[in-house]
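This structure is a prediction, so every number in the text was calculated from the model and none was measured.
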Amino acid sequence: MELLELWTLAEAVEAAVREVGAELVVRRPVEPTPGRTVEEAMARFAELDGPAAADLRERVGALRPQAGWMPEELDGSVPAEGEWWVCDATDGAVQYLLGQPHWAVTATLVRDGAAVLAVVHAPELGGGRTYLAVRGGGARLDGRPIAPLERELAATVAATSQPPRVAADPVALRRAGESLSAMVGSVLAVRNLGPTALQVAQVGSGHLALFWEYGEDAGNLLPGALIASEAGATVTDAAGAAWTAGSDSFLTAAPGLHADAVGVLRVVG
């Protein structure tokens with residue numbers, strides 16, 4: 001697919017994602033509805049997310065029907081060949097149910113194991129923000145080119161999160177704790193601002209300085225990783241090696257900060 005064709009597809013995907021996001025905003029109750037138990041929360045989320053996920057699949061799938069469809073919750077096993085849609089109608093379900101703005105609708109086209117197109121749309125953040133990137137074509141926020149901001153590590157706000165099933169991965173769980181302790185002492189502040197894809201994209205636009213995570217989390221990392229890298233951020237695993245959908249850690253930062261961030265995380269075994 002030529003770059004111009006890819007951008008045309010990306011803009012059509014963006015329009016579809018925006019429409020799904022608008023419907024989710026309308027359908028959400030005014031009062032927070034997280035549920036008193038895990039079962040209640042999951043049932044409430046399914047009630048709201050199910051129709052949105054079906055709508056997103058119909059809209060995005062029609063734009064490139066030859067691409068397969070991957071489930072929202074991936075374990076890192078993205079096929080090494082072919083084209084696949086990796087989408088999430090309500091990325092940041094907890095925030096969505098609590099009435100907070102930090103949630104997003106995401107759509108990513110993966111070709112031969114790597115993202116080639118990504119849209120991350122946060123309908124309620126700052127009046128609505130949309131990140132879009134294509135491989136080899138750069139990244140945009142609300143139609144404008146973006147780039148990460150360079151600054152001293154000690155003056156930065158870093159972000160982190162955990163994969164959905166991190167509790168079942170004792171190694172990732174331990175590394176998450178150790179890395180948080182190390183990073184807190186090296187930066188101005190550490191935050192978890194909601195969906196992983198959105199936070200990674202925000203590194204690309206300079207709203208965050210860096211983002212790191214331990215554990216496999218392909219479905220959440222693929223869209224943001226493409227946006228951040230196309231914006232000019234450095235994207236690797238936590239040790240500084242090339243990141244892939246099957247990597248067990250992730251790090252992105254502005255180029256001038258990346259080596260320092262790797263140095264901080266080096267204490268993690």
Side-chain angles (χ1 to χ4, degrees), residues 1-25 56 59-60 63-64 85-92 95 100-110 114-152 155-159 191 193-211 220-235 243 250-258:
M1 189 183 300
E2 298 294 333
L3 187 58
L4 180 59
E5 183 183 1
L6 200 56
W7 269 118
T8 301
L9 176 60
E11 290 168 353
V13 173
E14 177 184 356
V17 164
R18 283 177 172 271
E19 290 169 355
V20 173
E23 285 297 319
L24 278 163
V25 172
L56 182 62
R59 292 177 183 274
V60 172
L63 296 173
R64 193 158 181 84
W85 286 113
V86 178
C87 301
D88 193 342
T90 320
D91 186 15
Q95 293 79 240
Q100 298 177 1
H102 293 88
W103 60 278
V105 185
T106 72
T108 309
L109 181 63
V110 176
V116 297
L117 176 162
V119 177
V120 175
H121 173 55
E124 296 185 292
L125 188 64
R129 290 182 175 174
T130 307
Y131 289 88
L132 186 151
V134 300
R135 188 168 66 186
R140 305 171 183 173
L141 171 57
D142 297 333
R144 300 184 302 275
I146 56 174
L149 290 180
E150 299 285 1
R151 63 201 92 172
E152 294 182 356
T156 67
V157 175
R191 298 289 185 262
L193 299 175
T196 295
L198 180 58
Q199 293 185 91
V200 176
Q202 287 175 317
V203 175
S205 60
H207 290 90
L208 290 170
L210 66 93
F211 177 93
N220 291 318
L221 289 168
L222 278 165
L226 179 65
I227 293 165
S229 62
E230 286 295 330
T234 302
V235 175
W243 180 81
F250 178 87
L251 170 66
T252 184
L257 284 173
H258 185 265

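Across Ala231 and Gly204, no two heavy atoms sit closer than the pair CB-O, 3.4 Å. Closest heavy-atom contact between Val105 and Ala89: CG2-O, 3.2 Å. A pairwise comparison of heavy atoms in Pro223 and Ala197 identifies CG-CB, 3.7 Å as the closest pair. Of all non-hydrogen atoms in Pro148 and Gly232, the two that sit nearest each other are CG-C, 3.8 Å. Of all heavy-atom pairs spanning Ala201 and Tyr131, the tightest one is O-CE2, 3.5 Å. The two residues Glu230 and Gly136 have their closest heavy-atom pair at OE2-N, 2.7 Å.
Every side chain to side chain donor-acceptor pair (under 3.5 Å) that Glu19 has, sequence neighbours left out, goes to Arg59. For Arg64, the side chain to side chain donor-acceptor pair (under 3.5 Å) criterion is met by Glu83, not counting sequence neighbours.
In this structure, Trp85 and Leu109 have side chains that are in contact, with non-hydrogen atoms separated by less than 4.5 Å. You'll find the side chain of His207 reaches within 4.5 Å of the side chain of Arg129, heavy atoms only. At a threshold of 4.5 Å between non-hydrogen side-chain atoms, the residues Leu208 and Leu193 count as touching. Two residues are said to be in side-chain contact when any heavy atoms from C-beta on lie closer than 4.5 Å; Val17 and Thr106 fail this criterion. In this structure the side chain of Trp7 reaches within 4.5 angstrom of the side chain of Leu132, judged on heavy atoms. Residues Gln202 and Leu198 are in side-chain contact: their nearest non-hydrogen atoms beyond the backbone lie under 4.5 Å apart. Trp243 is not listed as a side-chain neighbour of Thr252, based on a closest heavy-atom distance of 4.5 Å or more.
Atom OG1 of Thr130 sits about 5.0 Å away from atom CD of Glu14, to the nearest 0.5 Å. Annotation: the span from Gln199 atom CD to His102 atom NE2 amounts to 8.0 Å, rounded to 0.5 Å. Here Leu257 contributes atom CG and Glu152 contributes atom CD; the two are 9.5 Å apart, rounded to the nearest 0.5 Å. Residue Thr156 holds its OG1 atom at 5.5 Å from CG of Leu210, rounded to the nearest 0.5 Å. The distance from atom CD of Glu11 to atom CG of Leu63, rounded to the nearest 0.5 Å, is 12.0 Å. Here Leu141 contributes atom CG and Ser205 contributes atom OG; the two are 5.5 Å apart, rounded to the nearest 0.5 Å.
Exactly one of Val235, Thr108, Leu226, Val200 qualifies for a side-chain contact (heavy atoms from CB on, under 4.5 Å) with Leu221. That residue is Val200. Among Asn220, Asp91, Val120, the one residue that satisfies the side-chain contact (heavy atoms from CB on, under 4.5 Å) test with Pro195 is Asp91.
Heavy-atom neighbours of Glu150 CD from other residues, nucleotides or ligands within 6.0 Å: above the threshold of 12.
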